[in-house]
Amino acid sequence: MSTEQGPTVRELAGQALSSIEHGYDLLAPKFDRTPYRTPDRVLDAVTDEVRRLGPFDTGLDVCCGTGAGMGVLRQLCRERAVGVDFSAGMLAEARAAFRPGGEGPAAAGPAVEGPAVDWVRADARSLPFAPAFDLAVSFGAFGHFLPAERFGLFAEVYGSLRPGGQFVFPIGAPPPVGSRAYWSLLGFDAAMRVRNALWRPRFVMYYRTFRLGDVLEDLTRAGFVVRLMPLTGLGRRPDGSPRARLVVATRE
């Protein structure tokens, strides 16, 4: 579940028995040493594809966590990049990883040029932004929203984008029915449903509720015009289909 320096089983259990917010506050100091952080290869593949859609002046990382997506925005945006999350612990780690004023990761040596970087604590279901952004991204957060909340989330992102702004995020192909990954995800979601039926506060984290057809429908209802692009950097499945796609939702 984690590297040698990552959270212990006891620490992960403590997170799982907490609320989403408090659970991530607890996990934040070791989050980047777990498999839950979006892999660099995914971030790089998204960066390569989104660069073709620009240029962008301002970017928003929705549910930014410890700031993995900020590296994407810093490569794509010229003026300002903002990360928003409701976990104070995750935002503290993100702030520590980046120098004030967008001067790059704290451990990266000499400062590098880039957009100004800001961090905002807020619930993604009620974003505190006027239409100010050219680009919005999100990585690995959608499992924390119930299907009934998804339209409202997308509407909040829509309202934060300027006309012509784009909301982009990767979505992986579902694992083949009967595969090890299929049963692993099914088992995880079943365990979470039992946990949430028996324990409060709930910890919402499901892997099988973010289905592409439903997502496209909710994005369209929120006002977006949507298209899909293959994430070629992540390869293809044996049947030739892409392992992951980039959802590009545009506010016209």
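Sorted pairs that involve residues 240-252 and meet salt bridge (Lys or Arg N to Asp or Glu O under 4.0 Å), not counting sequence neighbours, are lacking altogether. Sorted by first and then second residue, the salt bridge (Lys or Arg N to Asp or Glu O under 4.0 Å) pairs involving residues 163-181 (not counting sequence neighbours) form an empty list.
The heavy-atom pair separating Phe145 from Ala124 by the smallest distance is CZ-CB, 4.1 Å. The minimum heavy-atom distance linking Pro176 with Arg237 is given by the pair CD-NH1, 4.4 Å. Leu91 approaches Asp85 most closely through the heavy-atom pair CD1-O, 3.4 Å. The nearest pair of heavy atoms linking Pro170 to Leu231 is CB-CD1, 3.7 Å.
Looking only at side-chain heavy atoms (C-beta outward), Val82 and Phe129 come within less than 4.5 Å of each other. Between Thr209 and Leu146, the closest side-chain pair of non-hydrogen atoms is not below 4.5 Å.
Side-chain contact annotation: Ser241 with Asp239, donor-acceptor N/O pair under 3.5 Å present.
In terms of the salt bridge (charged side-chain N to carboxylate O under 4.0 Å, His left out) criterion, residue partners of Arg51 (sequence neighbours excluded) are, by chain and number, Asp48. Residues that satisfy the side chain to side chain donor-acceptor pair (under 3.5 Å) test with Glu149, not counting sequence neighbours, are Arg125. Residues that satisfy the side chain to side chain donor-acceptor pair (under 3.5 Å) test with Asp118, not counting sequence neighbours, are Arg80. Legend: residues meeting side chain to side chain donor-acceptor pair (under 3.5 Å) with Thr232, ordered by chain and number and at least two apart, are Glu49. With sequence neighbours excluded, the residues forming a side chain to side chain donor-acceptor pair (under 3.5 Å) with Thr58 are Asp134, listed by chain and number. Here Arg150 pairs with Pro147, Phe154, Phe210, Asp214, Val215, Asp218 under the side chain to side chain contact (heavy atoms under 4.5 Å, CB included) rule; sequence neighbours left out. Considering only residues two or more places apart in sequence or on other chains, Leu185 meets the side chain to side chain contact (heavy atoms under 4.5 Å, CB included) condition with Pro175, Tyr207, Arg208. Qualifying side chain to side chain contact (heavy atoms under 4.5 Å, CB included) partners for Pro174, counting only residues two or more places apart in sequence or in other chains: none. Checked against side chain to side chain contact (heavy atoms under 4.5 Å, CB included), Ala249 has the following partners two or more places apart in sequence or in another chain: Phe167, Leu219, Phe224, Val226. The salt bridge (charged side-chain N to carboxylate O under 4.0 Å, His left out) search around Asp44 returns none, not counting sequence neighbours.
Here the straight-line distance linking atom CG of Asp61 with atom CG of Leu73 works out to 5.5 Å at 0.5 Å rounding. With values rounded to the nearest 0.5 angstrom, His144 atom NE2 is found 12.5 Å from Leu153 atom CG.
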